[in-house]
Amino acid sequence: MSLQTSPILTSNPTDETAIRAVVQQMVDAWRRSDGTAYAAVFTEDADYIAFNGTHFKGRQEIASSHQQLFDTFLRGTDLKGEIKSMRFLSSEIALVHANYRIVDSWRTEVSSMRESIETFVAVKRDNGWILTAFHITRVQHRNWLQWVLCVIASGGCGGGSSEAAAIPARTIALRFSR
């Protein structure tokens with residue numbers, strides 16, 4: 001059995017603009033603290049994975065969970081960021097990567113602690129583009145000591161290729177004990 005792959009389609013400026021508009025609708029809804037409008041850009045059966053691994057299934061769960069966040073922990077926050085890449089897997093499916101940061105209402109600058117990478121899957125329907133999957137991951141900014149301590153504590157830190165993460169924890173502990 002052989003798998004056949006189709007070539008990745010080149011971008012279509014009209015579709016790119018439409019997808020960017022959908023993401024902007026989501027950001028605008030965040031700024032208004034409107035959970036229903038935030039979720040409106042997702043399909044009824046969308047999968048939404050939050051930065052902590054919580055899986056929300058469907059537009060209604062996305063709306064209610066975000067309204068609760070907007071009413072409490074995310075009250076008055078803003079989103080700053082941009083779409084970094086967009087790849088059309090077919091004429092009706094696009095993979096989108098973005099970087100956004102949550103800006104707390106009392107801050108004048110964006111905190112790197114609230115920086116995230118988002119992956120969206122957009123699908124084209126009769127009435128335009130809509131999001132069907134979303135996954136957000138917090139960017140972890142660590143200095144060399146934090147990486148070493150993470151490796152010692154857990155045997156690995158994940159989050160990319162780090163020379164420290166490739167060194168066995170026992171080796172690092174022996175080096176520091178001499």
Side-chain angles (χ1 to χ4, degrees), residues 3-6 8-9 11-12 14-105 110-142 150 154 156-160:
L3 296 175
Q4 293 183 341
T5 59
S6 58
I8 302 221
L9 300 178
S11 63
N12 174 330
T14 303
D15 287 333
E16 276 191 31
T17 300
I19 292 169
R20 287 178 187 281
V22 169
V23 174
Q24 188 60 51
Q25 287 173 13
M26 185 180 74
V27 170
D28 291 343
W30 181 293
R31 291 175 176 156
R32 292 190 314 271
S33 297
D34 185 340
T36 301
Y38 182 85
V41 301
F42 291 93
T43 60
E44 287 292 335
D45 63 346
D47 288 291
Y48 188 107
I49 311 296
F51 77 94
N52 65 357
T54 304
H55 183 187
F56 299 104
K57 185 68 176 167
R59 184 182 294 155
Q60 185 55 47
E61 279 189 28
I62 296 167
S64 62
S65 65
H66 277 80
Q67 192 58 59
Q68 190 173 25
L69 289 168
F70 293 145
D71 291 343
T72 56
F73 302 110
L74 297 177
R75 181 186 304 268
T77 60
D78 191 9
L79 281 180
K80 300 281 186 190
E82 63 185 340
I83 291 175
K84 294 293 188 179
S85 68
M86 192 177 308
R87 182 169 47 136
F88 287 87
L89 305 176
S90 76
S91 61
E92 297 178 345
I93 302 171
L95 180 65
V96 181
H97 288 107
N99 287 99
Y100 280 92
R101 292 181 177 180
I102 296 173
V103 182
D104 296 308
S105 59
V110 178
S111 169
S112 65
M113 297 298 292
R114 306 286 300 262
E115 180 181 1
S116 299
I117 297 172
E118 296 82 11
T119 302
F120 304 91
V121 176
V123 292
K124 192 173 191 178
R125 300 283 168 86
D126 291 338
N127 55 348
W129 287 91
I130 191 163
L131 305 177
T132 194
F134 176 91
H135 187 211
I136 184 169
T137 302
R138 283 277 166 86
V139 174
Q140 301 210 1
H141 298 280
R142 294 185 175 129
C150 184
S154 66
C157 294

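Reckoned from all heavy atoms, side chains included, excluding hydrogens, waters and symmetry mates. Computed from a predicted structure; not experimentally measured.
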inquiry  = Applying side chain to side chain contact (heavy atoms under 4.5 Å, CB included) to Val41 and Phe134, what does each step give before you reach the verdict?
reply    = CA-CA 11 Å; Val41 301; Phe134 176 91; over 6 Å; no

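Nearest heavy atoms, Ala94 versus Trp129: N-CZ3, 4.0 Å. Across all non-hydrogen atoms, the minimal contact from Thr54 to Asn52 is OG1-OD1, 2.8 Å. Residues Arg32 and Ala37 share a closest heavy-atom pair of NH2-CB, 3.4 Å.
Atom NZ of Lys84 and atom OG1 of Thr119 lie 13.5 Å apart (nearest 0.5 Å). To the nearest 0.5 Å, the span separating OH on Tyr100 from CG on Asp78 amounts to 10.5 Å. For the atom pair Ile83 CD1 and Glu16 CD, the distance stands at 9.0 Å (nearest 0.5 Å). Remark: Asp15 CG to Glu92 CD distance equals 9.5 Å, nearest 0.5 Å. Once rounded to the nearest 0.5 Å, the distance linking CD1 of Ile49 with CZ of Phe56 reads 9.0 Å. Considering CD1 of Ile117 and NE2 of His135, their distance stands at 10.5 Å, rounded to 0.5 Å.
At least one side-chain heavy atom of Ile130 sits less than 4.5 Å from a side-chain heavy atom of Arg59. With contacts defined as side-chain heavy-atom distances shorter than 4.5 Å, the pair Ser116/Glu118 qualifies. Between Gln24 and Val27 there is a side-chain heavy-atom pair separated by less than 4.5 Å.
A distance of 6.0 Å or more separates the ring centres of His66 and Phe42.
With hydrogens and angles ignored, the 3.5 Å screen pairs a side-chain donor or acceptor of Arg31 with a backbone N or O of Leu79. At least one donor-acceptor pair under 3.5 Å links the side chain of Gln67 to the backbone N or O of Ser33.
Under the 4.0 Å criterion applied to side-chain N and carboxylate O atoms, Asp45 and Lys57 are not assigned as salt-bridge partners.
Aromatic ring orientation, Phe70 versus Trp30: perpendicular (interplanar angle above 60°, classes split at 30° and 60°).
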